[in-house]
Protein chains: 2
Amino acid sequence: MSVVSIRDVATAAGVSVGTVSNVLNRPEKVAEATVARVRAAIDELGFIRNEAARQLREGRSAAIGLVVLDVRNPYFTDVAHGVETAAAAAGLSVTLGNSDGDPAREQRYLELFEQQRVQGVLISPADASLERLRRLDERGIPVVLVDGADPSGALDSVTVDDVAGGRLAAEHLLGLGRRRLLVVAGPASLRQVADRLEGVRAAVAEIPGASLEVQHLPQLTVPAGRELGRSLIGRPASARPDAVFAVNDLLGLGVLQALVLERETLRVPEDIAVIGYDDIEWAASAVVPLSSVRQPREQLGRTALEALLARGAEGLRAGAVRFAPELVARRSTTG
Amino acid sequence: MSVVSIRDVATAAGVSVGTVSNVLNRPEKVAEATVARVRAAIDELGFIRNEAARQLREGRSAAIGLVVLDVRNPYFTDVAHGVETAAAAAGLSVTLGNSDGDPAREQRYLELFEQQRVQGVLISPADASLERLRRLDERGIPVVLVDGADPSGALDSVTVDDVAGGRLAAEHLLGLGRRRLLVVAGPASLRQVADRLEGVRAAVAEIPGASLEVQHLPQLTVPAGRELGRSLIGRPASARPDAVFAVNDLLGLGVLQALVLERETLRVPEDIAVIGYDDIEWAASAVVPLSSVRQPREQLGRTALEALLARGAEGLRAGAVRFAPELVARRSTTG
DNA sequence: ATCGATCGTTGAATCGTTTCACATCGGCAC
DNA sequence: GTGCCGATGTGAAACGATTCAACGATCGAT
């Protein structure tokens, strides 16, 4: 009943199964009248192609797998959106997996994708060991890292240049005449944090008289930023920075809120300029619109997908693709 | 080479393909020594089950499809997270589709899911006509609506009671002694907006001396809310509401920002109390933490999946499941 | 020694689609 | 009339896992 196969269609239209298949896949090879007859039969019976059978024959699916660290993070949903758009253009569908930073879940998705014979895997690795991914790649399922690098160079990757991003932020603040910089950072163990910091250090070193203070916070969240912001208000003016670079927007927004809330003492940006990182959606709509460093998130996704396709089709290695971040100046620094 | 089939494993282990399949699916039926031998062969050859072949034989896949209106909206990612967690517990995987509110894209995903013979479809419909969904359901692929209702009752649905939510918000404000309420609403055509408004009206009608003003804005965004907030500042005190209910948190945050920014004139909550809806993550970390009405998002997803499973396995209809929203009082109303 | 029952294993049929070597036919040139 | 061509259409052989009727071996009971 509900299991209408290509054979039923063939019978109904009075042709062979081969012809139905041809109508489906290369209608130009079939006489017009026949095409019409077959199409009519398809509609009448409500035939829906069985993807599993097609795939079995084909040897691989028309999908790619994407594993992200956290679907609830706007950063990743934007990347995923970019991937999906590009994939749709190439006639591929995307199966999305959420590892939540858990290597075991990541592993489960990789197995699933392998069983599904996906055409490739895009991943923001949760598991620092890339061993499994390299094996997958060797076995013929191309892997591209998204926002994660492979030191060994065995895997292709697409990232944003965080060193350049850190430098960009610092130079912006220095260019506005600020000299006492405070970087509100996250755990030093995160590659992203370390790289951004490196960029800042380089920029500060080039300006005589510029000083740098770094505060490492355990979490990259709004409350953490707010707490740090409050501590600034308590400082004597001489020990206070005149500019703050938060390594992500959540921290930056927290700092901003603390400063703006205690309005009697400090003004943004007059007393302290604040800049964040990521340019998330709410940055622009904060109480004082927050300057930030934008990462081309959608483009990251798009490019990763293209690298995957090139690798699959022609065996081309993309290597380590690195994008340039972009400064977005708003009132929290420029006034 | 990379195409290791169950047959290769059988040869390597010196058994028949049937036995390998048994090891894979019912190891208790196979002698221990044989299991060990087959497992060894599997590991050595790096055999990975071909999901397409298994599915072809089985007749259906081990997945369900989920179509949401907007992956970038935290509301939906939370719902999706709930779905995924529940699905994983049932041994199912979730294929996520993003319609972006476009009926054509929605349609494409439905076709894809049908070709994949998914076990069911969860969907926040973009297309008001549920015709296609009903057909899908009739053809044997159970459909459950998530945050959307079917007036005809043909389809199961899981929603949050928006009338109750609107009433909850209004009663909170009235209970704090506020009497001049302003509802900052979205397009009246949205069911959610209309329902919330209905709840507010009912609550206001019960309190003598309480008045209600409604402003319909075209968009449910932060800037729209901010603009409206500014317009309030310009009003003479006598024409000004003493409480604002924004039908979603983005609007509420916008209003809040406008009021707090122009601090000389109006204080929150002393002069105007503000409450939003959805309890999105940033509500708690706003300049003045925003009161809101929380929807059990993850639970919504979990329940929708359970309804789908019950329907598929035992043919049980869940009908129209409706959850109760919950008030979350914060400083923007309670001070 | 024979029978039955139990356990483990076998091998062929099956799922629905694609592909490809081959058949059929009408037309055209010689 | 013969041979050849292109255009259409055919039908069987894959793809890889699952399932199930049937088979052989082993063992205890008679």
Side-chain angles (χ1 to χ4, degrees), chain A residues 1-39 41-42 45-63 91 111-112 114-119 140, chain B residues 1-39 41-42 45-63 111-112 114-119 139-140:
Chain A
M1 178 71 47
S2 85
V3 282
V4 180
S5 79
I6 209 177
R7 181 159 282 115
D8 303 321
V9 174
T11 308
V15 296
S16 74
V17 293
T19 300
V20 177
S21 179
N22 280 334
V23 169
L24 257 25
N25 301 302
R26 324 175 193 62
E28 74 282 0
K29 294 272 175 199
V30 181
E32 263 183 51
T34 315
V35 170
R37 209 143 35 89
V38 171
R39 291 245 162 90
I42 287 177
L45 298 178
F47 165 76
I48 302 270
R49 206 206 231 103
N50 184 323
E51 180 63 23
R54 174 221 247 291
Q55 217 180 97
L56 172 58
R57 189 58 230 258
E58 189 71 13
R60 61 181 192 171
S61 80
E111 268 163 25
L112 189 65
E114 205 170 354
Q115 289 179 3
Q116 289 177 175
R117 303 292 192 265
V118 296
Q119 296 200 13
Chain B
M1 177 72 48
S2 87
V3 283
V4 180
S5 80
I6 207 176
R7 181 156 282 116
D8 302 322
V9 174
T11 308
V15 297
S16 74
V17 293
T19 299
V20 177
S21 178
N22 281 335
V23 168
L24 255 27
N25 301 300
R26 323 174 194 63
E28 74 282 2
K29 295 272 176 199
V30 181
E32 261 183 53
T34 314
V35 172
R37 208 144 34 89
V38 172
R39 291 246 162 88
I42 287 178
L45 297 177
F47 165 76
I48 301 272
R49 207 207 231 99
N50 183 322
E51 181 62 23
R54 172 221 249 292
Q55 220 181 94
L56 173 59
R57 189 58 231 255
E58 190 71 14
R60 62 181 192 173
S61 79
E111 267 163 26
L112 190 65
E114 205 170 352
Q115 291 180 0
Q116 290 178 172
R117 304 292 193 265
V118 295
Q119 297 201 11
R139 281 203 235 156

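In what follows, every heavy atom counts, from backbone to side chain, and hydrogens, waters and symmetry copies are set aside.
In this view, Ser5(A) and Arg7(A), Asp8(A) satisfy the side-chain contact (heavy atoms from CB on, under 4.5 Å) rule, not counting sequence neighbours.
Here Arg60(A) lies out of heavy-atom contact (under 4.0 Å) with every strand. Here Val20(A) lies out of heavy-atom contact (under 4.0 Å) with every strand. Among the protein residues, Ser5(B) comes within range of the sugar-phosphate backbone only, with heavy atoms under 4.0 Å from sugar or phosphate atoms but none that close to a base.
None of Val20(A), Asn22(A), Ile6(A), Val30(A) except one satisfies the side-chain contact (heavy atoms from CB on, under 4.5 Å) rule with Val38(A); the exception is Val20(A).
In this structure, the CD1 atom of Ile6(A) is 15 Å from the P atom of dC15(C), given to the nearest Å. The distance from atom CG of Leu24(A) to atom P of dG16(C) is 15 Å, rounded to the nearest whole Å. Remark: C1' of dG16(C) and CZ of Phe47(A) are 8 Å apart, rounded to the nearest angstrom. Nucleotide dC15(C) holds its C1' atom 13 Å from the CG atom of Asp8(A), rounded to whole Å. Atom CZ of Arg7(B) and atom P of dT10(C) are 13 Å apart (whole Å). Atom pair Gln115(B):CD and dG16(C):P shows a separation of 15 Å (rounding to whole Å applied). Atom CG of Asn25(A) and atom C1' of dC20(C) are 14 Å apart (whole Å). Atom CD in Gln116(B) sits about 16 Å away from atom C1' in dG16(C), given to the nearest Å.
Checked against dG16(C), dT18(C), dC15(C), the side chain of Arg57(A) finds its nearest nucleotide in dT18(C). Comparing atom distances between the Leu56(A) side chain and each of dG8(C), dT17(C), dG16(C) picks out dG16(C) as nearest.
The side chain of Asn22(B) contributes no N or O atom lying less than 4.0 Å from OP1 or OP2 of dG8(C). Taking 4.0 angstrom as the limit, Ser16(B) places a side-chain polar atom (N or O) nearer than this to OP1 or OP2 of dT10(C).
Atom CG of Asn50(A) sits about 9.5 Å away from atom CD of Gln55(A), to the nearest 0.5 Å. Within the model, atoms CD of Glu51(B) and CD of Glu58(B) stand 9.5 Å from one another, a figure rounded to the nearest 0.5 Å. Remark: Asn25(A) CG to Arg54(A) CZ distance equals 6.0 Å, nearest 0.5 Å.
Rounded to 10°, the angle separating the first-five-pair axis and the last-five-pair axis of the helix from dA1(C)-dT30(D) to dC30(C)-dG1(D) equals 60°.
Across Phe47(A) and Val4(A), no two heavy atoms sit closer than the pair CD1-O, 3.3 Å. Across all their heavy atoms, Arg117(A) and Ile48(B) have their closest contact at NH2-O, 2.8 Å.
Put simply, the side chain of Arg49(A) never gets that close to the backbone of Gln115(B): no donor and acceptor are under 3.5 Å apart.
On the nucleic acid side, DNA chain D contacts chain B at distances under 4.0 Å to non-hydrogen atoms, with the end points of that region at dG16(D) to dT19(D).
Open room surrounds CZ on Arg60(B); 12 or fewer heavy atoms of other groups in view lie less than 6.0 Å from it. Within 6.0 Å of CD in Glu28(A) there are more than 12 heavy atoms belonging to other residues, nucleotides or ligands.
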